[in-house]
2 protein chains.
Amino acid sequence: MKLSTKGRYAVTAMMDLAIHDRDGPVTLADISNCQGISLSYLEQLFAKLRQTGLVEGVRGPGGGYRLGKPANQISVADIVVAVDESIDSTRCKGNLDCNKGERCLTHHLWNDLSNRLYDFLDGISLSEFIKDPEVRKISRRMDSTASRIANMFPPVSKAS
Amino acid sequence: MKLSTKGRYAVTAMMDLAIHDRDGPVTLADISNCQGISLSYLEQLFAKLRQTGLVEGVRGPGGGYRLGKPANQISVADIVVAVDESIDSTRCKGNLDCNKGERCLTHHLWNDLSNRLYDFLDGISLSEFIKDPEVRKISRRMDSTASRIANMFPPVSKAS
DNA sequence: ACAATCCTTACTAAATTAGTAGGGTATTAG
DNA sequence: CTAATACCCTACTAATTTAGTAAGGATTGT
């Protein structure tokens with residue numbers, strides 16, 4: 001388990017997708033504009049997200065990305081793992097005996113913690129965040145302005 | 001909140017200190033040997049740990065490091081924050097309006113998550129790990145075999 | 001056809017992480 | 001006192017990761 005800016009970008013981008021899920025696909029250009037990172041870097045991240053089925057690309061005009069699964073089936077851990085390849089937990093594996101085997105228990109402890117952290121993040125789904133009252137408020141305001149646009153690009157059927 | 005190998009080194013090192021707290025100070029050389037990282041790098045980490053009062057250096061022959069506070073008053077979050085300076089959460093602050101202010105809510109959401117993560121890690125203290133049954137078992141075995149040696153060479157045995 | 005958008009690859013620059021080197025300072029056993 | 005131990009500090013380097021650039025495809029709605 002590792003958590004860096006890369007993971008943060010991925011998680012916030014996925015939040016964005018979750019919030020606008022009903023309004024049709026979200027373009028990377030929008031996210032790039034919002035988060036202030038380059039389009040290409042986002043494309044790298046989304047390549048991984050797509051490979052793991054977390055997002056689904058929609059090509060052509062009016063296209064973009066949408067969630068690959070329902071928001072309540074996507075956990076924060078899923079996202080972090082998809083983009084932030086995990087840490088190599090032990091260095092003294094096998095060849096080194098770690099001070100006559102006695103001290104290796106700290107690695108066991110770390111694994112313990114790492115698992116707990118994973119479980120914690122795995123218990124938080126994207127859908128939880130949309131329930132946040134403050135988000136609902138803002139989101140509703142958005143809907144009124146965006147729904148007309150959404151009518152021009154109506155909900156595309158799941159062509160897959 | 002950020003979590004990298006640096007944080008892992010610090011946390012495992014602190015676990016080591018917590019386990020051997022009764023046996024006197026733990027030397028960086030021992031930890032270096034255990035974790036397979038250089039002494040100098042450890043010294044850099046421990047400089048930060050010392051500055052935040054998480055550890056206490058004991059100089060002279062037989063010296064080393066010990067916990068700066070009782071193990072139950074040191075959380076994993078404390079350690080991670082001490083060595084892994086936190087992520088800069090927002091880029092579009094102030095000058096950039098984040099898509100007319102609408103999309104900035106993802107940053108709010110990230111903060112929300114980040115706080116939850118912090119609280120989670122803050123709720124895990126070092127003393128919890130020592131209670132781990134498997135650790136107690138190994139730790140006890142160590143004590144019995146090493147305590148006599150430890151009495152002759154008070155700090156720790158590094159015989160080979 | 002055309003433009004919007006995803007998709008892919010290759011390369012580069014900046015930042016961070018990890019490690020080295022070498023000097024110093026405080027402590028204490030003998 | 002002296003020497004050994006071990007903390008403390010600064011500066012440098014190498015490796016890795018992060019972030020960005022560039023350029024070109026592929027797909028699809030209008």
Side-chain angles (χ1 to χ4, degrees), chain A residues 2-10 13 17 24-33 35-52 54-66 68 80 83-88 91 149-160, chain B residues 2-10 12-13 17 24-33 35-51 55-66 68 80 83-88 91 152-158:
Chain A
K2 186 177 163 186
L3 195 53
S4 62
T5 56
K6 205 170 180 176
R8 180 169 64 83
Y9 287 144
L17 260 59
V26 176
T27 70
L28 291 190
D30 277 352
I31 298 176
S32 166
N33 182 35
Q35 305 219 16
I37 57 178
S38 78
L39 191 64
S40 291
Y41 192 48
L42 270 177
E43 285 177 339
Q44 290 174 34
L45 295 183
F46 271 76
K48 292 187 177 180
L49 293 175
R50 203 178 60 88
Q51 280 161 22
T52 51
L54 293 177
V55 300
E56 181 185 33
V58 179
R59 290 165 122 148
Y65 283 98
R66 57 169 47 153
V80 171
V83 300
D84 262 335
E85 49 272 358
S86 74
I87 260 174
D88 58 330
R91 271 200 171 179
I149 305 171
N151 283 341
M152 302 195 238
F153 308 95
V156 189
S157 55
K158 213 171 215 168
S160 66
Chain B
K2 187 176 164 186
L3 193 54
S4 63
T5 55
K6 204 171 180 177
R8 180 168 66 81
Y9 287 143
T12 52
L17 260 58
V26 176
T27 71
L28 290 192
D30 278 352
I31 298 177
S32 165
N33 183 35
Q35 304 217 19
I37 57 178
S38 78
L39 189 65
S40 290
Y41 194 44
L42 271 177
E43 285 178 340
Q44 290 173 33
L45 296 183
F46 271 75
K48 292 186 177 182
L49 294 175
R50 203 178 61 88
Q51 279 162 23
V55 299
E56 182 185 30
V58 180
R59 290 167 121 141
Y65 281 100
R66 56 172 46 151
V80 171
V83 299
D84 262 334
E85 48 271 0
S86 76
I87 261 174
D88 57 331
R91 271 197 170 184
M152 302 192 246
F153 311 95
V156 157
S157 62
K158 173 63 174 77

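Here is the naming used below: chain letters follow the sequence lines, and residue numbers restart at 1 for every chain. Every value quoted in this text rests on a predicted model; they were computed, and no experiment measured them.
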Nearest atoms (heavy-atom pairs only) where B:Tyr65 meets B:Val55: CD2-CG2, 3.8 Å
What is the separation between atom CG on A:Leu28 and atom P on C:dT8, rounded to the nearest whole Å? 13 Å
Side chain to side chain, B:Val80 and B:Lys2, heavy atoms closer than 4.5 Å: no
What is the distance from atom CG of A:Leu28 to atom CD1 of A:Ile31, rounded to the nearest 0.5 Å? 5.5 Å
Round to a whole Å and report the spacing from CZ of B:Arg59 to C1' of C:dA26. 4 Å
Between A:Glu43 and A:Arg50, is the side chain to side chain contact (heavy atoms under 4.5 Å, CB included) condition met? List the steps. CA-CA 10 Å; A:Glu43 285 177 339; A:Arg50 203 178 60 88; over 6 Å; no
Atom CD of A:Gln51 and atom C1' of C:dT8: how far apart are they, to the nearest Å? 11 Å
Kindly give the heavy-atom pair with the smallest separation between B:Ser38 and B:Ser32, and that separation in Å. C-OG, 4.0 Å
Could you tell me the separation between the CD atom of B:Glu56 and the C1' atom of D:dC8, rounded to a whole number of Å? 16 Å
Over how many whole Å does the gap from B:Asp30 atom CG to D:dA6 atom P extend? 8 Å
Distance check needed: C:dA15 C1' versus A:Ile37 CD1, whole Å only. 16 Å
Taking 4.0 Å as the cut-off, does a side-chain nitrogen or oxygen of A:Ser4 come that near to OP1 or OP2 on D:dT18? yes
Want to settle it: does A:Tyr41 or B:Ser40 sit nearer the 5' end of DNA chain D, counting the closest nucleotide to each? B:Ser40
Tell whether A:Glu43 reaches the base of C:dC6 with its side chain through a donor-acceptor pair below 3.5 angstrom. no
What is the distance, rounded to the nearest whole Å, between atom CD of B:Gln44 and atom P of C:dT16? 15 Å
For B:Leu39, answer base if it contacts any base atom (sugar-phosphate contacts may also be present), sugar-phosphate if it contacts only those atoms, and nothing otherwise; contact means non-hydrogen atoms under 4.0 Å. nothing
Using a heavy-atom cut-off of 4.0 Å across all strands, would you classify A:Tyr65 as base, sugar-phosphate, or nothing? sugar-phosphate
side-chain N/O A:Arg50 vs C:dC7 OP1/OP2, d < 4.0 Å: yes
May I have the distance from A:Leu42 (atom CG) to C:dT5 (atom C1'), rounded to whole angstrom? 14 Å
Which nucleotide in C:dA4, C:dT28, C:dT20 has an atom nearest any side-chain atom of B:Pro61: C:dT28
Just N and O in the side chain of A:Lys6: are any of them under 4.0 Å from OP1 or OP2 of C:dT16? no
